[in-house]
Number of protein chains: 2
Amino acid sequence: MSTTDPRVRTRKAPAERAAEILDAATAIAREQGLGALTLRAVADRAGVASGLIAHYQPSMDDLVARVYSDLVEEEIREVRALAAREASPAARFARVLETLLDGSREDLTVVWVESWAISRRNPALAAAVRRQMSVWQLLLVEIADEGVADGSFATAETSAVAWQIMGMVDGLNAQSLVREADPATAIAQMSRAAETLLGARPGSLALAR
Amino acid sequence: MSTTDPRVRTRKAPAERAAEILDAATAIAREQGLGALTLRAVADRAGVASGLIAHYQPSMDDLVARVYSDLVEEEIREVRALAAREASPAARFARVLETLLDGSREDLTVVWVESWAISRRNPALAAAVRRQMSVWQLLLVEIADEGVADGSFATAETSAVAWQIMGMVDGLNAQSLVREADPATAIAQMSRAAETLLGARPGSLALAR
DNA sequence: CATACTATTGATCGAGCGATCAATACGCGA
DNA sequence: TCGCGTATTGATCGCTCGATCAATAGTATG
């Protein structure tokens, strides 16, 4: 029987290795949340020694912030793309609410909720959270402004309304982590609430099925 | 110069000591959140050896869950008392929303947000969170039912509406930890949204100032 | 006053964390 | 093909965590 030899080293281009490490970290965050992002966990997942992680990512705090940003950025891009396929501002807004609340993104909700707590002791993450919240809000403001422009919404405060709706959605998702609830009900109620805040015609944010 | 003698032991009645430890733990949670609740931190705060904490609280997970429950229970009691002073169901509901969103309970919001994240690795806390969420929801349902009974609200779904409003409020509070916002705006918008969901007359949940 | 009970102490264990670093060996350019 | 640069390894440090436990000393009881 052969003793387990020291690991065969495979030497890769720095950029390639860095990407692998980031991929491994991202996968862990998706599956187990940001709290599971430890030096050794990432090393195991990437199949390298722990020291190599530190070589490419001198600070774990920064890595956590980076992974968080990448994940949320991708989510925003996806949601934006889904919204863009709808014909009207009202339909776009409705699609965003539905996509965020349909329960299909639980892994991201875990990341999101953990980010609030971890931010308190990770300044880099705190900054990233603030940044990505602004990006989210901007997406909602854009659609809201379009709705105001074409007359389907009526509010002078799209910015404040966007923040409000965003907070509400986040809370409902966080709640869904603890208590299983029917997504359809949450979507329907959130849509009605959004209609009120946006000054949209009642029912105009209900999903056409 | 005298060497620092071993600590003078003060022996107290078990019930008294247990209460002191719980008080120390509660104070830490209020000031620094549930994440700061460590064996040694509680021992320092209570002025006793670390081993004594373990003597009275064999599991830190349980202590965290207990402290969480106590804090939330007290908050619910306070909010309930404030609501009870209002004359009508609509005024009571409005008072609850205002109290929860006026930004004066940031320490509890930190506890609340951390509880979601820590629950994922602390089953006792997870159970406590579910339990207290139900208590919160029950308070809202009670007021909502009273409103339906006296005709000021019109919805067949007070239970679902209560869950929804609770989630929304939690999300807005969590958001306020990261982004400073005007509480008055959040309260006004949340009230309008709640009117829609409860089937209340527009403006009936606005605060009488 | 003597004794037994137990509240209390503080050292200790094992685990996990981020970070550091000397040693090693891979692979490209000369 | 050789040698150098550096990617990579894995041991190690210092720290904090929850938990455990033998030793100690208050206090009540007889």
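Chain naming here is simple, since letters A, B, ... match the order of the sequence lines and numbering starts at 1 in each.
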Can you figure out which of C:dA19, C:dG10, D:dG18 approaches the side chain of B:T38 most closely? D:dG18
OP1, OP2 of C:dT8 versus side-chain N and O of B:R17: anything below 4.0 Å? yes
Rounded to the nearest Å, what distance is computed from the CD1 atom of residue A:I53 to the C1' atom of nucleotide C:dC17? 15 Å
Mind calculating the distance between CG (A:N122) and P (C:dC17) to the nearest angstrom? 16 Å
Could you check A:L52 against A:R40 and say which one's nearest nucleotide on DNA chain C is further toward the 5' end? A:R40
Start at the 5' end of DNA chain D and walk down; is the nucleotide closest to B:M60 or to A:K12 reached first? A:K12
What contact category does A:L37 fall into here, base, sugar-phosphate, or nothing, at under 4.0 angstrom with non-hydrogen atoms? sugar-phosphate
Rounded to whole angstrom units, what separation is found between the CD atom of A:E16 and the P atom of C:dC26? 17 Å
Does the distance from a Lys or Arg side-chain N to an Asp or Glu carboxylate O, for B:E20 and B:R45, drop under 4.0 Å? no
So if I take every side-chain heavy atom of A:R9 and compare against D:dA23, D:dA19, C:dT24, which nucleotide ends up nearest? C:dT24
Taking D:dT9, C:dC5, C:dT9 as options, the one with an atom nearest any side-chain atom of B:R11 is C:dC5
If you check the A:S50 side chain, which of D:dC17, C:dA19, D:dT8 turns out closest? C:dA19
So does B:H55 get a side-chain nitrogen or oxygen closer than 4.0 Å to the phosphate oxygens (OP1/OP2) of C:dT8? no
Specify the separation, in whole Å, of atom CD of A:E20 and atom P of D:dA7. 14 Å
Atom CZ of A:R121 to atom C1' of D:dT16: distance rounded to whole Å? 13 Å
Does A:D70 come within less than 4.0 Å of A:R66, counting only side-chain N to carboxylate O? yes
Got a second to check how far B:L125's CG is from B:E114's CD, nearest 0.5 Å? 10.0 Å
Verdict with supporting geometry, B:R131 and B:E73, salt bridge (Lys or Arg N to Asp or Glu O under 4.0 Å): CA-CA 10 Å; B:R131 203 177 316 120; B:E73 197 176 299; over 6 Å; no
Are A:R192 and A:E195 close enough for a salt bridge, meaning some N to O gap below 4.0 Å? no
Out of C:dA19, D:dG18, D:dT20, minimum distance to the side chain of A:L39 belongs to C:dA19
When the distance from CD1 of B:I21 to C1' of C:dT9 is rounded to whole Å, what number comes out? 13 Å
Can you tell me if A:Y56 touches the phosphate of D:dT8, counting only side-chain N or O atoms and a distance under 4.0 Å to OP1 or OP2? yes
Would you kindly give the CG-to-C1' distance between B:D44 and D:dC17, to the nearest whole Å? 14 Å
